[in-house]
Amino acid sequence: MMSKKVPPTIQAIILDMDGVITDSARLHANAWKQMFDEYLEKVQGKNFDPLDIGKDYKRFIDGVSRHDGVRAFLESRQLALTEGNPEDDPEVDSIVGLGKRKNNIFLDLMEKEGVDVFPDTLEMVKKWKKEGIKLAVISASRNCRRILEAADMLYWFDVRIDGEIAREQEIPGKPAPDVFIKAMENLNADLDRTLIIEDAIAGIKAGKKGGFSAVVGVARNGEDEALRNAGADIVVHELTELENIMETLKKPWETATLPHALESFQDIITDIEGKRPVLFFDYDGTLTPIVEDPNAAELAPDSKKIIQRLSDQFTIAIISGRGLADLKSKVKLQGLIYAGSHGFEISGPNGLEMQYEPGKEILPILDKVEKKLKKRIEAIDGCEVERKKYAIAVHYRRVEAGKVAEVENAVEEVLDGQPRLKIGKGKKILELKPDLDWHKGHALNWLLDELDLAGAQYHPIFIGDDITDEDALKALNGTGILVGSHGQKTYADYRLKDTGEVYGFLEELGKWDKGNS
């Protein structure tokens, strides 16, 4: 199953080893079972409950570090052991000892049975290398290098981040995304042009948390649903299935070529069928028309009623460039999720609160730049500087056309010498914001993950109008709708003419949902 939102071109591919490249996952699973069954019999007697490879291995052990696997499985059986010391022998009953015991069993099995490479993976690796795509291998196993050498596969990969390297460099293991991010950085690749291929649920979740545009789940034994529920954008049974998929990876479209969302409403419903919609909106230009004075962009009473009514049916989040406090004061509706400053600060029901931690370090820099900017442009009529918590917006909608270049030059001058800030562009607006890899798309996926809405039973819909909304449209695994046009190509699937049509679409969606309740 292919996601609608995948990178326009693939620059690099990061593959997990066990279960994707080599059939060593089978050896690992058998080694874990032998080790734990012997230990359980020792402490619980002949009537012990043995490890179930189909259930326990995938749920508690697959894809995580050796010691994490020991801890997770023991906790599932209400058992506890001391951590132990690195010097512990395999015979010692400690976390470290059991880990070493399992590893010795695995090495014996590998010596006796050898390591098989999946033919479909070898075929695609050769093809990708020929096409100039950079390749990395990641693994929680400290035996990764030895396994790849035994399988004659090591030389195919430009980068390797395995359990041994992760331990030496103190890189957190899955489901944290750090191993993938480190591999991407070592490949000198871009986040939105890197494909992740995993067979473990922990690996799928790690890839999604890392913000990679596409995460492929490999279901060699029929784990399709579990991988999709973990967030996989694409699920295949063999890697050769990716050959055709990669030839049709989505590219941005001209707005005029997009189908109209109201006219194509039945097609959208067909895509949603059997899933629960989750609604995401931009604010200015989407829920309210663009106005000369941003402070005057208020929700109309009828618009508020529609949104409030829909919030009783769907989860609704508004992701805006406005500061969080400003956004909440404009909307003033309970039960909604608010993401301000392009997702740097989030607030919602049931105690939902988040501020993107790396952004806090840049707040003092923004304070200084704000003062300089105001002084620099105070003589330009019609130009307005708006400070948000995590950004500084320069509005030039009311500036004479002949003086727009002066505004742009002023912003660039103030930005000079500030490597931790960058310029973002929108409709008649320039924004100075933290030069961090965090935007509306990351915020959207963070919310889906945080609220357990990333599974296959949910269908996200994002509606926005501005260039900054393209980050969300590109990251979205659902239905994207662009309102109006921002003058560039778009990753949206459908279009609407204006704010009025947005509410027309929402009313149709509400009626459809009630009719299916």
When you look at D513 and R276, which way does the salt bridge (charged side-chain N to carboxylate O under 4.0 Å, His left out) test go after all the steps? CA-CA 9 Å; D513 181 64; R276 192 76 194 134; 2.5 Å; yes
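A salt bridge links R71 with D68: the distance from a Lys NZ or Arg NE/NH1/NH2 to an Asp or Glu carboxylate oxygen falls below 4.0 Å. A salt bridge does not link D293 with R397: every distance from a Lys NZ or Arg NE/NH1/NH2 to an Asp or Glu carboxylate oxygen is 4.0 Å or more. Electrostatic pairing of E198 and K205 does not count as a salt bridge here, judged by no charged N lying under 4.0 Å from a carboxylate O. By the 4.0 Å N-to-carboxylate-O rule, K422 lies too far from E431 to be salt-bridged with it. Taking 4.0 Å as the cut-off between side-chain N and carboxylate O, D326 and K388 do not count as a salt-bridged pair. A salt bridge links E357 to K360: at least one charged side-chain nitrogen sits closer than 4.0 Å to a carboxylate oxygen. For E370 and R387, the salt-bridge test passes: some basic side-chain N is under 4.0 Å from an acidic carboxylate O.
Using cut-offs of 30° and 60° for the angle between ring planes, the F344 and Y356 rings count as perpendicular.
The minimum heavy-atom distance linking L509 with I269 is given by the pair CD1-CD1, 4.2 Å.
For the pair Y503 (side chain) and L287 (backbone), a donor-acceptor distance under 3.5 Å is present. Between the E345 side chain and the L324 main chain, a donor and an acceptor come within less than 3.5 Å of each other.
The environment of R376 atom CZ is dense: over 12 non-hydrogen atoms of other residues, nucleotides or ligands sit within 6.0 angstrom. Dense packing is recorded around CD of E168, with more than 12 heavy atoms of other residues, nucleotides or ligands lying under 6.0 Å away. Counting non-hydrogen atoms of neighbouring residues, nucleotides and ligands closer than 6.0 angstrom, the NZ atom of K428 reaches no more than 12 such neighbours. By the neighbour-count criterion of 12 heavy atoms within 6.0 Å, atom CD of E170 is sparsely surrounded, having that number or fewer from other residues, nucleotides or ligands.
For H442, the ring pair (Phe, Tyr, Trp, His ring centres under 6.0 Å) partners two or more places apart in sequence, or in a different chain, are W438, H439.
Residue R322 forms a salt bridge (Lys or Arg N to Asp or Glu O under 4.0 Å) with just one option from D466, D284, D282, and that option is D284.
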